[in-house]
Amino acid sequence: VQLQASGGGTVQPGDSLRLSCAASGDTLDEYSVAWFRRAPGKEREPLGCISTSHDSSATFYADSAKGRFTISRDDGKNTAYLQMSSLKPEDTGVYYCAADPRIIWSSRYAAAAYAYWGQGTQVTVSS
């Protein structure tokens with residue numbers, strides 16, 4: 001599967017933004033999908049993930065994403081989403097989606113657990 005992340009841009013603090021992760025080459029419904037972020041000068045960090053529809057599209061969030069970020073999927077469109085609200089300057093970074101058909105849930109926040117990655121989309125939160 002090939003992943004294409006999009007939807008980034010420059011927004012003001014407090015704004016909302018929805019990122020998309022469009023899949024091609026395979027049907028995304030067989031894959032769990034995760035979102036990661038790399039802020040300037042920091043290590044890449046997990047934001048959360050969503051299981052396959054077969055597993056109820058269960059969502060899990062890292063502490064940094066809880067309450068403001070929502071991950072969803074639309075398998076009919078072969079796309080997953082990251083809805084972000086109340087954005088802060090510290091949310092600035094490159095956002096990546098990743099997918100894998102064989103996630104071990106105990107490793108769901110580990111980048112190494114995902115074999116397929118999108119190219120990243122830049123989000124800048126600035127007044």
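The figures that follow rest on heavy atoms only: side chains count, while hydrogens, waters and symmetry mates do not. Here the structure is a predicted model, which means the values were calculated and not measured.
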Looking only at heavy atoms, what is the nearest atom pair of [X] and [Y], with distance?
{"X": "A23", "Y": "L3", "value": "CB-CD2, 3.9 Å"}
{"X": "G25", "Y": "Q2", "value": "CA-OE1, 3.8 Å"}
{"X": "S86", "Y": "R68", "value": "O-NH1, 3.0 Å"}
{"X": "V94", "Y": "G120", "value": "CG1-CA, 3.8 Å"}

Please check: side-chain N/O of [X] versus main-chain N/O of [Y], any donor-acceptor pairing under 3.5 Å?
{"X": "D74", "Y": "G76", "answer": "yes"}
{"X": "Q119", "Y": "A5", "answer": "yes"}
{"X": "D91", "Y": "K88", "answer": "yes"}
{"X": "T92", "Y": "E90", "answer": "no"}
{"X": "S51", "Y": "D55", "answer": "yes"}

According to side chain to side chain contact (heavy atoms under 4.5 Å, CB included), who are the partners of T27, at least two apart in sequence or on a separate chain?
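Result, side chain to side chain contact (heavy atoms under 4.5 Å, CB included) vs T27: D29, E30, N78.
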Could you pull out all residues at least two apart from [X] that satisfy salt bridge (Lys or Arg N to Asp or Glu O under 4.0 Å)?
{"X": "R18", "result": "none"}
{"X": "D75", "result": "R73"}
{"X": "E45", "result": "R37"}
{"X": "K66", "result": "D63"}

For the hydrophobic clusters of this structure (ILVMFWY residues joined by side-chain heavy atoms under 4.5 Å, transitively), does one cluster hold both Y95 and I71?
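Yes.
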Within one Ile-Leu-Val-Met-Phe-Trp-Tyr cluster: V11 and L82, side-chain cutoff 4.5 Å
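In one cluster: yes.
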Side-chain touch [X]/[Y], heavy atoms, less than 4.5 angstrom:
{"X": "S126", "Y": "P89", "result": "no"}
{"X": "T121", "Y": "L19", "result": "yes"}
{"X": "Q4", "Y": "S24", "result": "no"}

Could you give all pairs that pass the salt bridge (charged side-chain N to carboxylate O under 4.0 Å, His left out) test and reach residues 98-127, with sequence neighbours left out?
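Passing the test, one end in residues 98-127: no pairs.
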Taking disulfide bond (SG atoms under 2.5 Å apart) as the cut-off, I'd like each qualifying pair that reaches into residues 75-127, sequence neighbours left out, listed once.
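For residues 75-127: C21-C97.
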Qualifying ring-ring contact (aromatic ring centres under 6.0 Å, His included) pairs with a residue from residues 45-70, counting only residues at least two apart or across chains
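Residue pairs passing ring-ring contact (aromatic ring centres under 6.0 Å, His included), neighbours aside: F60-W105.
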Does anything in residues 13-48 form a ring-ring contact (aromatic ring centres under 6.0 Å, His included)? List the pairs, not counting sequence neighbours.
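Only Y31-Y116, F36-Y114, F36-W117 qualify under ring-ring contact (aromatic ring centres under 6.0 Å, His included).
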After noting the C-alpha distance and the side-chain angles of V123 and M84, does the key distance pass the side chain to side chain contact (heavy atoms under 4.5 Å, CB included) rule?
CA-CA 11 Å; V123 173; M84 305 183 290; 4.1 Å; yes
Between CG on residue L47 and OG1 on residue T70, distance to nearest 0.5 Å:
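It is 12.0 Å, given to the nearest 0.5 Å.
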Could you measure the distance from the CG atom of D15 to the OG atom of S85? Nearest 0.5 Å is fine.
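Separation between the atoms: 10.5 Å.
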List in chain and number order the residues that pass side-chain hydrogen bond (donor to acceptor under 3.5 Å, both in side chains) with Q122, two or more places apart in sequence or in another chain; answer none if no residue qualifies.
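Once residues adjacent in sequence are excluded, the partners of Q122 under the side-chain hydrogen bond (donor to acceptor under 3.5 Å, both in side chains) criterion are T124.
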Supply the members, apart from Y81, of the Ile/Leu/Val/Met/Phe/Trp/Tyr cluster built from side-chain contacts under 4.5 Å; use none for a lone residue.
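Hydrophobic cluster check, Y81: no partners found.
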List in chain and number order the residues that pass disulfide bond (SG atoms under 2.5 Å apart) with C49, two or more places apart in sequence or in another chain; answer none if no residue qualifies.
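Disulfide bond (SG atoms under 2.5 Å apart) check on C49 returns nothing, list empty.
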